[in-house]
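One structure is given below, encoded as structure tokens.
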Amino acid sequence: MSEVSIYWLQQVLNALQLSSIYALIALGYSMVYGILTMINFAHGDVFMVGAFLCFLAATLLDLPFVPTLLLTMTGAALLGVLIERLAYKPLRNAPRVSAIITALGVGLFLENLTLAFYPYPQNVPTLIENINWDLGGVSLSSLQLIIISLSLTLMLVLDYVVQRTPVGMAMRAISWDKTYVPLMGVPVDLIISITFAIGAALAGAAGTMYALAYPVIDPYMGIMVGWKAFIAAVVGGIGNMRGAMIGAFILGGVEIMVVAVLPSTYRDLVVFSLLLALIVIRPHGILGQPRVQKV
Amino acid sequence: MTSASQAMPLPDTTVSLLEVSGLRVHYDGIQALHGVSFSVPRGQIVTLIGANGAGKTSILHAISGLTPYSGRVTFAGHDLHGVPAHRIVGLGIAQVPEGRGIFGNLTVRENLRLATWQRRDRQRIEEDFERVLVRFPRLRERLGQAAGTLSGGEQQMLAVGRALMSRASLLLLDEPSMGMSPILVQEIFAIIQEINREGTTVLLVEQNANMALRIASRAYVLETGRITLAGSGQTLLGDPRVKQAYLGAVLKHHSVPG
């Protein structure tokens with residue numbers, strides 16, 4: 001292989017790693033929007049809490065990778081349900097803007113709560129033995145392999161749950177119109193809680209992987225990553241699960257490719273401009289459908 | 001009341017499956033129902049007719065638990081007050097909502113399956129699924145299709161079929177004739193009668209008073225949140241007030257006898 005193609009293959013691999021993490025977070029935004037037509041702006045901070053839970057499990061409890069991941073996902077899921085029950089459920093019939101402001105407030109609360117315990121950036125210990133494979137000049141690390149394959153697995157599981165299980169069916173019914181879902185015998189509040197739990201668990205998994213890939217964490221790390229994942233969800237068509245994954249891969253790809261050819265400070269400028277252009281051309285995102293306003 | 005009926009069994013026609021008394025519903029301070037009382041005897045078709053905005057849908061929503069209310073709703077001896085909507089289905093009340101309430105992004109099969117959420121009797125679910133498809137052969141052809149792609153008539157069939165999937169003993173129908181062609185209306189009313197003959201009690205809310213009164217054994221006229229007339233379907237069909245207000249008849253200047 002030529003040196004140029006090796007270089008680009010390496011970039012694709014790097015992009016896949018970043019995109020997988022964005023995708024896991026983007027799914028949470030999209031699921032909650034799909035079911036409540038609400039943007040859960042605290043979601044990026046749930047991701048951050050996930051990274052800190054990973055840090056705690058690895059340092060305080062001295063756990064290896066798999067238990068750390070499971071513990072983080074469970075903790076994040078509980079946090080997601082707690083946020084929904086305490087902060088969003090009481091506002092379900094309030095104007096949409098109240099819920100959005102509340103979500104921003106919850107995000108700030110999580111950041112400052114974490115800040116109270118960890119005012120300085122923390123170093124996350126290595127949980128995965130670092131092995132590097134040389135694939136004809138392209139290097140693949142054990143961490144990259146785990147991040148990419150684990151994310152893809154989680155996405156496949158989620159896709160199965162949403163498309164093939166009764167709970168997924170109920171979620172899709174609620175996203176169409178929740179007014180009459182109770183008439184089917186479906187407990188809507190429970191399904192909403194399950195949605196938040198799944199979305200937050202995925203963000204927790206993303207937090208764990210991010211903390212292992214970029215092992216210096218701080219309470220504000222969820223802001224930018226959260227925004228990007230949110231944008232990925234919008235680009236893919238918010239409310240659409242597969243769209244969120246596609247959006248994340250576009251976003252991660254563009255980010256890595258921009259840095260490969262331009263000064264790294266241009267990265268976010270190019271990314272945001274591109275996304276802005278895409279939204280102008282396709283306001284409902286790649287797979288999104290214009291919502292028909294029901295009277 | 002119950003002790004009396006236990007001591008001396010009354011004929012089936014007077015045993016009510018659903019009792020509604022003093023039902024009041026408010027929306028944002030506006031009163032939609034001002035103390036509505038009526039009963040639905042087991043095994044019969046009862047209709048509530050009235051113009052748009054009379055409060056017909058509010059009554060059904062209150063019974064199904066979708067709307068908070070004051071007053072009393074009892075179903076087969078259960079007081080339904082405070083029972084969450086998804087549990088009411090489990091007790092045996094199914095509703096075909098106004099505008100059908102089909103989930104357009106789900107397939108026809110999924111729409112039917114979703115309605116069995118409260119049921120655990122797998123084998124009988126399969127039987128009921130088959131029975132619905134026998135009754136509505138068009139649905140069988142479209143099982144894997146997104147329900148949103150069905151025609152209005154097919155969607156109405158799906159809505160009724162879906163309600164049957166919960167194996168309810170009381171079926172609430174909210175304007176099943178709305179937006180349907182006259183032929184489809186005939187067909188739907190025939191199906192409603194058939195379902196009733198097979199043992200399901202029906203509470204039918206309609207603007208199409210003519211059709212509704214013809215198949216109902218008992219009927220109530222609802223006007224601005226109050227019941228203003230009650231009687232058998234046949235009686236109301238012949239009532240001049242009903243004729244004038246709901247059947248489009250122009251009353252002639254005939255001299256009133258007596």
Side-chain angles (χ1 to χ4, degrees), chain A residues 30-31 33-37 85 89-90 92-95 159-195 237-244 284-285 287-295, chain B residues 27-28 57 60-61 63-68 83-120 122 125 146-148 158-168 170-174:
Chain A
S30 218
M31 289 173 78
Y33 184 85
I35 211 159
L36 290 180
T37 55
R85 285 283 152 131
K89 195 172 170 229
R92 208 172 288 160
N93 297 317
D159 201 63
Y160 178 83
V161 169
V162 171
Q163 301 299 334
R164 298 263 175 262
T165 66
V167 168
M169 204 157 78
M171 286 176 178
R172 284 180 289 130
I174 293 173
S175 79
W176 179 263
D177 184 354
K178 71 170 185 284
T179 321
Y180 297 130
V181 175
L183 295 181
M184 306 296 113
V186 176
V188 172
D189 286 344
L190 178 67
I191 302 295
I192 290 174
S193 291
I194 292 174
T195 307
I238 195 150
N240 185 303
M241 306 287 128
R242 289 173 186 172
H284 305 292
L287 293 185
Q289 245 135 51
R291 228 162 224 272
V292 181
Q293 203 65 50
K294 290 184 195 77
V295 184
Chain B
Y27 295 112
D28 299 324
T57 298
L60 295 193
H61 279 201
I63 297 169
S64 284
L66 294 176
T67 295
V83 180
H86 66 272
R87 293 245 175 269
I88 290 179
V89 188
L91 293 174
I93 301 180
Q95 187 184 150
V96 178
E98 190 179 9
R100 304 182 285 268
I102 288 300
F103 303 108
N105 58 339
L106 268 56
T107 64
V108 170
R109 176 183 278 113
E110 288 174 331
N111 268 280
L112 293 171
R113 293 283 175 195
L114 193 63
T116 63
W117 189 277
Q118 293 281 337
R119 294 179 61 180
R120 293 290 170 267
R122 280 205 165 184
I125 290 176
L158 177 56
V160 175
R162 191 176 63 177
L164 295 178
M165 286 303 292
S166 64
R167 204 172 254 266
L170 175 64
L171 184 60
L172 311 177
L173 293 151
D174 197 346

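Values reported hereafter were calculated over all heavy atoms of this structure, with side chains retained and with hydrogens, waters and symmetry mates removed. This one's a predicted model, so the numbers in the text were calculated from it and none came from an experiment. Throughout, protein chains are lettered first and strands after them, A, B, ... in sequence-line order, and every chain is numbered starting at 1.
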Just so I know, are the side chains of Leu36(A) and Arg92(A) near enough to count as touching, which here means a heavy-atom distance under 4.5 Å? yes
Return yes when atom OH of Tyr160(A) has more than 12 non-hydrogen atoms of other residues, nucleotides or ligands closer than 6.0 Å, and no otherwise. no
If you tally heavy-atom pairs under 4.5 Å against chain A, which of Pro97(B), Gly101(B), Ser166(B), Ala85(B) wins? Pro97(B)
For the pair Asp159(A) and Arg164(A), evaluate side chain to side chain contact (heavy atoms under 4.5 Å, CB included) and give the outcome as yes or no after the intermediate values. CA-CA 8 Å; Asp159(A) 201 63; Arg164(A) 298 263 175 262; over 6 Å; no
Heavy-atom count check: over 12 atoms from other residues, nucleotides or ligands less than 6.0 Å from Arg113(B) CZ? yes
Which atoms of Leu66(B) come close to chain A, meaning under 4.5 Å heavy atom to heavy atom: side chain ones, backbone ones, both, or neither? side chain
Which bit of Leu112(B) comes within less than 4.5 Å of chain A, counting heavy atoms only: side chain, backbone, both or neither? neither
Interchain contact, Arg162(B) with chain A, by part (heavy-atom threshold 4.5 Å): side chain
